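Along the sequence shown, the residues carry numbers beginning at 1. Counting convention: from 1, in listed order, for ligands and their atoms alike. Keep in mind that this is a model prediction, so the values were computed, not measured.
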Amino acid sequence: MKRLDPENVHNALTIDVEDWYHVSNYEAKPVLPPESRRVRQNVERILAILAEYHIKATFFMLGSVAEEEPTLAGDIVRDGHEIASHGYSHTLVPRLGPNNFRDEIRRTAEVIGRQTGCKPVGFRAPQWSIGPGISWAVDILQEEGYLYDSSYNPLPFVGDRKGPRTPFAIATTGAVLSRCRPW
Ligand SMILES: [Zn+2]
């Protein structure tokens, strides 16, 4: 078997910026008091670890978290990481429907753009909730200027189980050359 040259192995690290209560499984059964917010302290801890090991990552951020923690997106960008969109409210995309989905990604792009000077070019659906049957969401992402989507996830219970396990093009927009759209 051919061994990979470690110099040519590229790893991608992504982090969803949300609080514990945004996760859909906790809607019915909260595990902590609602006021027990953790997102800022956890992101600060992650930023310190990444800085120590000189690692850059992509942070998929909720627009609602960016509004509630108005300096957090700037802290992430200042450390050289990419900010991408995770939607606004962490509502699953099929539940939103096309009009509310467009409103959410616009609202999130505006908040992050105002805070960092850059509108995101990447998107990840809450709980990878873009899969077969809702290609309209990908069309809307393209119309709104997004260059890549990180929602198709080949897991058994979310995303597209039969989906590809490597990056693939859904349009002929070319390579992702930028991680910033000036606000
Ligand atoms: Zn999430």
Asp103 and Asn100, any side-chain heavy atoms less than 4.5 Å apart: yes

hydrophobic_cluster_shared for Ile83 and Leu62, side chain cutoff 4.5 Å: yes

N-O pairing of Arg40 and Glu44 below 4.0 Å: yes

Sub-4.5 Å side-chain heavy-atom contact between His22 and His86: no

Residues in ring pair (Phe, Tyr, Trp, His ring centres under 6.0 Å) contact with Phe60, at least two apart in sequence or another chain: none

Distance below 2.8 Å from the Zn ion (ligand 1): protein N/O/S atoms: Glu18 OE1, His86 NE2, His90 NE2

Note: Asp75-Arg78 ion pair, threshold 4.0 Å (strictly below): yes

